[in-house]
Amino acid sequence: MERYDHKAIEQKWQKIWEESGAFRAEDESKKAKEYLLIEFPYPSGDGLHVGHIRSWTALDVVARKRRAQGKNVLYPIGWDAFGLPTENYALKTGKDPRLVTKENTDNFRRQIKSLGISFDWSREVNTTDPAYYKWTQWIFLQLYKKGLAYKAKTLINWCPTDKIGLANEEVINGVCERCGTPVEKREKEQWMLAITKYAQRLYDDLDTVDYIPAAKLGQRNWIGPSEGAQIKFQIANSKSQIEVFTTRPDTLFGATYLVLAPEHTLAQELAEKAENKNEIIRYIEQSRKKTEIERTTEGKEKTGVEIKGMKAINPASKEEIPIWVADYVLAGYGTGAIMAVPAHDERDLAFAKKFNLQVKEIELEDPKKITEKVGGKWVTTYKLRDWVFSRQRYWGEPIPMIICPTDGWVPVPESDLPVLLPKVEKYQPSEAGESPLANIAEFVNTTCPTCGGPAKRETDVMPNWAGSSWYYLRYCDPKNDTEFAAQDKLKYWLTPPASPKTSSRGGVDWYNGGMEHTTLHLLYSRFWHKVLFDLGLVPTSEPYLKRTSHGLILAEDGSKMSKSKGNVINPDALVEQVGADSLRLFEMFLGPFDQPVAWNSDSIAGVRRFLERVWILAEKVGEAPLSKETETLLAQTIDKVSRDIDALKMNTAVSSLMIFLNHLQKLESVSKEIFKQFLGLFAPFAPHIAHELAERVGFTREKWEHWPTVDESKLVSATVQVAVQVNGKVRSTIELSPEAGEGEALAAARADAVVTKWLAGADVKKAVYVKGKIVNFVITSLDV
RNA sequence: GCCGCGGUGGCGGAAUUGGUAGACGCACAGGACUCAAAAUCCUGCGAUGGCAACAUCAUGAGAGUUCGAUUCUCUCCCGCGGCACCA
C-alpha cells in the first residue's frame, strides 16, 4: 500500500461530495429531520479563523453522526456580510463593499470547502443580497405595522472631526478610534424597536428551551426584571410631582432626599426656577458630554448638585426633603428618578456622606401596604431597553420608510421591496452626519405611497443584528421570492416530528455559537421570532430548542489572535502540510470544547501519527477471530464515542478512538467487521481518510456508513479490578466478578497477601464495599 | 464592584451519582532497526527517599463534612470572559 497522501485523498473526496450533492438536505423526506446550526460568519478580510474551524467541525461531527443514524440533516452556511469593517475598508480605499464582500466570501468558501465540512452549499445565504434583505425589510414593516417600530430621540457617540456617528466599539478611552478626537454625545432621532414589550415573555419562555445554564442566566440578567413601586412625591408649593421607582418601598420613611438623572426632563424644568439655575445647567451639560467610559473611569466618587429653593414632600413622613441631580442615577432605568434611603442603600449612603445629607434610621413597613397607602403603583420594571435600530451608515439594509410632508412616516409598500442600497461615489456621511445615502438625490427623492406627492426616503440603515435575527428561517427555503420562507417548509424543519399538532414547541434543534453572542444576538433573534409567531408566520414560539457555546481559541501566549499582533494562524498552510483531517482532529483533541484554549501546534504531530497508524492498520484487515477483550473494548468505544459526541466532549471521543486503535494495532490481524465499525466511529472526525480506506477495503456505502450500535451484553468485562483501601489509602487491588456481593468481596480482600499484612494485629472497626469499585477497612492501628 | 467560568505532571488535558488521581496526546530519556540519520516500533516518565520491594507527599492556599474529597461546604488567592453607579 502506498503511503498516506492527504492531498490527493482530500481533493478526491471533496470533489465526489460536491458532485453528488452528498450533504444536501431534503425538504420532503421520510427520514426524521435534524436542524443543526452554527453562527454564520462575518466574512472578514483576514480569512477563516482557526476558531471557526473548531466550532464548525464539532457540529460537523454531530451532523455526520446524525446522517449515519439515518437522519435528514440540515447543516447550512451563509454570510453575515453587512457591517463596519467592510464599510471602514471602503471609506479608506474607496472600494465598493460589494466587491470586497465578494472577494472575502469567495476566500472563505474555498477555505471551508478545503476542510470537508458537510455544509449544504445549495442553501447558502448572504445578508447583503437584495433577494435576502428584501425579507429583512419586509419583517421590519411587519414590526412597524404592529406598532413595534417608532422614532425617538437618543444620544449617539459623535466624532466632531469625522462628522460621523460611532459605534461603542469605535470609541477607545473616550476618543474616536480613527482621529483621536474626544467623542461627544449628540441627540439623534432614531428608529427604535419595542423589544421591552416582549420582556416578560422573553424571560419566561427561557423555561421552555434547552440552553446551557450560562446562556439562560445571561439572558435573564440582561432582561433583569425587578418588582417594586412607583411612588409620586409632591413638590412643595408647586403642582409638579416627581415619580420615583423603588424596589424598597418598605424603606419609604427613611427617604431623606430625591435624585433625578441629569437627562430627566424635570431636571431641566426645575432648574429654571431654582436659586442655582446656572450651576444645575452646567452640571447637566457636563454629564451629557461625558461618555459612558469617562463616567466609569471616574470610579466611585459621586458627583451631583442640589436644586436649591425647592423641596419634595415624603408622602409617608410628610417631611420636606431636598432634591438633587446626580449622574449615578440613570435616565433609562425605572422612572429616571429615585428616592434615596441612605440607611439602607450603599450608594445613597456614600452620596449622603459626601454631601452631608440626613441619614434616617427607620422601622420597615410592609412594601405593598405602604405603596397602596401613599397612592403608588406596584410594577415590574426591566433593565432591558428598547433596541436602537438606526445607523447613520452606508453598508446596511435601507430602512423601508418614507416621510411625507402631509402624511408623516409611511411604510414602503411591500410590492416595492426591496429598497435597493444604491451605489455611491463616497462612503463618507453627509455634512450633517447623516448616512451617505442622504447625498444621493435619486435615492432620497421619491413620491408618497399614500398621497402621491413628493416625499423623502429614510436614509438610515439597519444594524448588523437585523440580518442575523432571522437567517435560520431563510435556510429552510432560501430561494423563495414570494415569501421569506414557505409555511410547509418552516413546519417541516422547525417542528419536532413527534410533537402534537397544537404544540408550538420547536425550533432549530441545535444552535452552537460563541459566548459573546448569548445575550444580544440571541435576545434580538428570539424577539423577532416571537413577533413572527404572533403574526402566525412561524410555527414555533422560540427559534432555538438547544443552545451550546464553544470556547475561544487563543494565541500560544493566551492572548487573542489578531492581525495587528501578527499571531493569527492561517489554516491554509496547515491543510497543505498535514491535511484537513489532521487539522480537524487536532482541533477536536485540543481541549474541552466549551473552554478557551491556547493554540499549540506541537501536538499536531500526534494526530497526524494517529491517522497514519489508521492507514497502516487497513493492511491488516482480513479474516480474524474475535477475542472477548476486543469485543468488550469495541462496545465500550462505541458507547463512549456516541455519548461524547452528543455532549460535545470531542477531546475524549478522539482519545477513546486512539485507545481502540492502540489495541487493534497489537493484533495479528483485524477482522473486516471490527474495522468497519471503527471506521464508522472515526469517519465524522476524519471523513476523507475514512472514506478512502472504506473504499480500499471494499466496503460499499450502505455497508459501512451507518452508526454502530452498542451490544449492551458485551459492555461489561468478565472481571473488574477492585481497589482495597485501609483507612482510606489504597494498599492493593483484587479481581472480582462485577456481580460479587459484599461478603465475597470482603473475604477476597482479606485473603489478599498485602491486605493481610496491613490488617495484622489491628481491630477492623468498619468495612465498606462499593460494588465493583472499592473495599475500605477502617482499623485502629496498634502501632500508635 | 457584580455575575459567570476556570486553577490537576515539563506541556495540552482525563477522572459517570464522592470510590484506584494523572487516561489519551506532546515533549523528553533509554533501547531496537540503520553504515548513518529521519521515520517507525518497544520501554520508561508527578515529587521526595530507597539498589529494590516499598514508603511518604501531591489536584491554587487554608479549614470543614465523610470510611473515603480533584469532585460537596466555608474563607481566601490568582487567571479568563461578560456587565457595570440598574435604585
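Order of the sequence lines sets the chain letters (A, B, ...), proteins ahead of strands, with each chain counted from 1.
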Protein-proximity profile, nucleotides 4-15 of chain B, B/S/- by nucleotide at the 4.0 Å heavy-atom cutoff, equals SSS----SBSS-
5' to 3', nucleotides 51-57 of chain B under a 4.0 Å protein heavy-atom cut-off (B base, S sugar-phosphate only, - none) gives ----SSS
Which residues satisfy the ring-ring contact (aromatic ring centres under 6.0 Å, His included) test with [X], sequence neighbours excluded?
| X | value |
| --- | --- |
| A:Tyr524 | A:Trp387, A:Trp465 |
| A:Phe685 | none |
| A:His52 | A:Trp56, A:Phe108 |

Tabulate atom names and distances for all N/O pairs under 3.5 angstrom spanning the protein and nucleotides 67-69 of chain B.
| residue | atom | partner | partner atom | Å |
| --- | --- | --- | --- | --- |
| B:rC67 | O2' | A:Asn776 | ND2 | 3.1 |
| B:rC67 | O2 | A:Asn776 | ND2 | 2.7 |

Here the helical stems involving RNA chain B, each at least 3 consecutive Watson-Crick or G-U pairs closer than 3.5 Å, sorted by first residue number, are B:1-7 with B:77-83, B:10-12 with B:24-26, B:28-32 with B:40-44, B:46-49 with B:54-57, B:60-64 with B:72-76
Taken in chain and number order and not counting sequence neighbours, the residues that satisfy side chain to side chain donor-acceptor pair (under 3.5 Å) with A:Gln721 are A:Glu735
The side chain to side chain donor-acceptor pair (under 3.5 Å) partners of A:Lys232 (sequence neighbours excluded) come to none
Residues 243-253 of chain A vs salt bridge (charged side-chain N to carboxylate O under 4.0 Å, His left out), sequence neighbours excluded, gives A:Arg248-A:Asp250
Applied to residues 583-611 of chain A, the salt bridge (charged side-chain N to carboxylate O under 4.0 Å, His left out) test, sequence neighbours excluded, yields A:Asp60-A:Arg584, A:Arg608-A:Glu612
In short, side chain to side chain donor-acceptor pair (under 3.5 Å) pairs touching residues 652-662 of chain A with sequence neighbours left out are A:Arg613-A:Asn662, A:Asp644-A:Thr652
Review point. How would you label the contact of A:Thr733 with the nucleic acid (heavy atoms, under 4.0 Å): base, sugar-phosphate, or nothing?
Key: base
